[in-house]
Each structure stands twice: as C-alpha cells, then as structure tokens.
Amino acid sequence: MRIWIAIITGKICAFASRFFGRGGGSSLPGALARRIEPHILKRLLDKANLTSIIITGSNGKTTTARMIAECLRHHGLRIIWNRSGANMISGIISAVIEKCSLLGELHADAAVFEVDEANLRYIMSDIKPLVVLVTNCFRDQLDRYGEVDTALALIRMALEDVPAGSTLILNADDPLVASLATASVCSAVFYGIEDPAAGSAPHENAPLESGRRTDTGVDSIEPNDISEYRPQDARSCTNCGAYYKYSSVTYGHLGKYLCPVCGLSRPVPDFSAFNIEMQGNHGATFTVGFNRGGEYDFIKVSLSLPGLYNVYNCLAAISCCLVLDVPRETIEKGIASTSSAFGRMENLKIGEKNILIALVKNPVGFNEVIKTIAAEGAGKTIVACLNDNFADGRDISWIWDVDMELLAKNPSLIKSIIASGTRAEDLAIRLKYAGVDPEKIIVEGSLGKALELGLQGLLPGETLYILPTYTAMLEMREHIRHKAHAREFWRA
C-alpha cells in the first residue's frame, strides 16, 4: 500500500509541476515518493528485468547519457532515462516513477541513469547496473566535493557495490579515472583518444597551444621525449605520489601519461578514437577502432556537437553500446541523430538571430567552451552568467582558475561581453583582470535584461553566446524558450 501511495503522489506532483509551470517535475516527485517509501527505487527496479547503465563523472554525464539512450532507442529498446539531467536520488526516482504504472510495473527494457558523484554510493546497490561508465574527474563545486581527491574517493567507494559480472568503462586518458580499475571486482575496459594531432606536447608553465605535436605513445616513450606538465587536478601518480610526465595532452589532465618512478602509465584503450577532424561549431568526424570477436573493426562517426570534449563523450557512449553488443550500424544511426542536450552547446533561434547556450560549471569545462568559441572567428557577443545557488556551488573562487585570458588574447575576438547572474560583479572583475577591455564589459545582474542587451547588439544571422552556470542556465533557457517557442528543458 505504501509504495502505491508513493507512486500516486509522485505522479500527481509531476503533473501539477508541469501544468502550473513550476518546473518539469524532475526532482520533487521523487523526493516526495521517497519520503513515503524510502526503498521505492530498489522495490521498483527489483520487479523489473532491466539492463541498467550508470554514467558518472565531473563533466559530460548528460550528453553521454543522451547518446547512449538514442543508440538504444534505435536498437528498439524502451528506455527509462533521467533526460532532464536531474542526477541526484530524487531525480532518478522521479524518472522511474514517470515510466511505471500505478501498480509499479516498469514497461521498459533498459535504464540509462546519469548519477551525481556524491549520490552514487547511495543508489548503486539499488540500481544493480550492468555497466558503470566514468567520464572524467575534475575540480567541481569545491564546497560540495572539496578537492578532486574527494570526488574520486566517493566514486571509488561506490564502485565497491557494483555487482559481480558488471563492466566498468573508464577513460584511459584520465589518470584519476583509470585508477578506478582496481576499485571493484568487475572487469574494466578503457576508451581513449589515439589521434596524435588531437593532443599537444606539454611544456611546463607554457600554454598547450605553443607545444609541438607528437605521435609518441606511452609504450615507446624515452625519458628525453617527455616534458614536464603540472595540471591542476592530477599532478601526482595515484600509486606512488610522484609527478606524472606527459607526452601529449588533449585538455586539462587528460592525455598520455607515465609515472617515471613506479612505471604506472595510461592503459591501452579497448576503444580508440583517431582521424579526428574538428569542424568548429558544426561538430566533428572521427573513427572509432575496437576489437570485436577477435577481429579489429571500425565505426565512422559524424558528430554534430562541437568541441574535443564531446568527442570524448561520444567515444564513451559508443564504448558502452559496443559492450552491450549494439550493432555498429545502429550505433552510427543513433549518434548521427543525437542533438545537443538542453544548455549543453544547444543551438536555438530567436527570429533571424542565433543563440548558443553552453553550460559552464568548472574550470576545465569553461576553458574548453572558450577554446571552442575562440576557434569560430572574431566579433563575438557573449553573455556570461555566474550564479552561486546551492546547485551551482556557493564557492565561486573557481572562476580564477578559468583561462579567461584567452578572451583577451585576440582583441578582435570580443565585441562585447555581458556579465550577469547573482555574482555578476565578481565575474566582471575576473574579466577585467584577465585583460578584457573594460569598455567591452557590461554588468547586468538580471538574466532577462542581459539577454535583451545581448540580442540588441546582434545583426541578423549572428550568434549570441550564452555561458551560464547551472541555475542560471535553467532560468536563461526559460527566457529564451518563451521568445523562441522552444521545448521545455525536461523535454529538450
């Protein structure tokens, strides 16, 4: 009886939230249902025979989950998926309640759950995933996780509860994530970028762009071939504590690394990306190589999402689908049909003007968005939105770790940049210290007014680049939705 009441309450709450325009019913229904029946997630999933997949990590969870879900749909499977990005316990329960009948029956074949790192340990044993995919581990929300070691420890703790027979899919290029292979009794497979042109040779205290290209792999590295590199998030070997040496870096601390003391090095990827051709805001093409049934095979990928980080997300999703034996042709169709998740390099139009929304929530992600924008020519109008609500993280000191100097490096890159959100003034100060021309910086705390100012400065056909933190993204997208007649965020 109690579980039935919990389901009814959750469904009524979700309907009311959407009917009255109070949100997508993506979290509150699950929170209320859990208050009524604390074990509702376990009870509902235990009744179903689902192939469950968990995606966790600092960046890329929503986009990777979206790609996996699209591929599984093309494979003919019925999916449960927290598509709105509500990745805490209440959001996952809400997604399950939405797909279950009043009697608690789940009419689905597979579940795709992106899960917040701090919540992972509380639901691992309830979900009993067949696959756990970890994207990367960066500094994120310092007031919640502390340093990156804390987030890694939370993931490691949760992996102890992964059922035997499951598969871990780990990013070989991230030394922190790769170290998780020993955190569970399950088998681990790795994905990584092998294209030598995708990485730069690192030089200590020098920008990566100035480094030479290299095709040296970790298996053939000589000591003289390796340059010093001190990334913020993963300087020291997880085995012995010595500084890693890198032969190639894609971004952040991702790349080809080796510990000169104990010999720990980047694992050889089971799924590799090469022949990468970046196409600016239009996406990328690349080839995925993998071993299937003793024979090496290939998938040619056409990705509509921009940025090298989305190549990683796509490679992760393809790796997951191959582990689940989804046919190659189905994967190709699923990836080709995947559009951007709401607020994640999402393109919208208001009249004859274009808008690109790119969520920024930590230094590494922000840096990659800036690089992607900077590669698209000059004369950009940008609205940068910094909120410090709970879901964003109260501590905003991370903006000083963002390489905003890239915005000032080319004076013609920025036509104007509007600092908005609850901490607009702090953001404006950071931009000023980065060397951005103060005459190009406009401070407007109201997100709605900042949007209007940005649109006013555009000519037909031009693009307004909106870079918001999480809660600012939700509010800004709602302003845009009313103007652009776009879909609600929980359906986008």
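Just so you know, residue 1 is the first one in the sequence shown, and it goes up from there. Values below: every heavy atom of this structure, side chains too, minus hydrogens, waters and symmetry copies.
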Polar side-chain atom of R34 near backbone of S90 as donor-acceptor pair, under 3.5 Å: no
Lys/Arg N to Asp/Glu carboxylate O, K333 vs E70, below 4.0 Å: no
Donor-acceptor pair, side chain of R66 and main chain of T338, under 3.5 angstrom: no
Whether over 12 other heavy atoms sit under 6.0 Å from K300 NZ: no
Under-4.0 Å salt bridge between K256 and D173: no
Side chains of F290 and Y191 in contact at under 4.5 Å (non-hydrogen atoms): no
Whether D116 side chain and M88 backbone form a donor-acceptor pair below 3.5 Å: no
Within the 6.0 Å centroid threshold, strictly below: Y257 and Y244: yes
Side-chain ion pair, E37 and K42, N-O less than 4.0 Å: no
Nearest non-hydrogen partners of C137 and V177, listed with the distance: N-CG2, 3.9 Å
Identified side chain to side chain donor-acceptor pair (under 3.5 Å) partner of T471 from the options T422, D388, N389: N389
N362 and N59: side chain donor to acceptor below 3.5 Å: yes
Other residues, nucleotides, ligands: >12 heavy atoms within 6.0 Å of E329 CD: yes
Aromatic ring proximity, centroids under 6.0 angstrom, W81 and F113: no
Residues, nucleotides or ligands: over 12 heavy atoms within 6.0 Å of R156 CZ: yes
side-chain hydrogen bond (donor to acceptor under 3.5 Å, both in side chains) between D270 and N291, worked out: CA-CA 7 Å; D270 299 279; N291 193 309; over 6 Å; no
Within 6.0 angstrom of F274 CZ, more than 12 heavy atoms from elsewhere: yes
Backbone N/O of N313 and side chain of N310: donor-acceptor pair under 3.5 Å: no
Whether over 12 other heavy atoms sit under 6.0 Å from F298 CZ: yes
Check: N275 main-chain N/O paired with D195 side-chain donor or acceptor under 3.5 Å: yes
T56 (side chain) donor-acceptor with V115 (main chain) under 3.5 angstrom: yes
Heavy-atom neighbours of R35 CZ exceed 12 at 6.0 Å: no
Salt bridge flag under 4.0 Å for residues E114 and R83: no
Under 3.5 Å: donor-acceptor pair, side chain of R266, backbone of D174: no
Distance, nearest 0.5 Å, that separates CE of M476 from CD1 of I466: 4.5 Å
Flag, side chain of N171 to backbone of T135, donor-acceptor distance under 3.5 Å: yes
Pair K361 + E368, salt bridge at N-O below 4.0 Å: no
Verdict with supporting geometry, T250 and Y312, side-chain hydrogen bond (donor to acceptor under 3.5 Å, both in side chains): CA-CA 10 Å; T250 49; Y312 271 108; 2.9 Å; yes
Under 3.5 Å donor-acceptor, S319 side chain and L315 backbone: yes
Proximity of F138 and H253 rings by center, below 6.0 Å: yes
Distance, nearest 0.5 Å, that separates CG of L305 from OG1 of T372: 11.0 Å
Side chain K128, main chain S125, donor-acceptor under 3.5 Å: yes
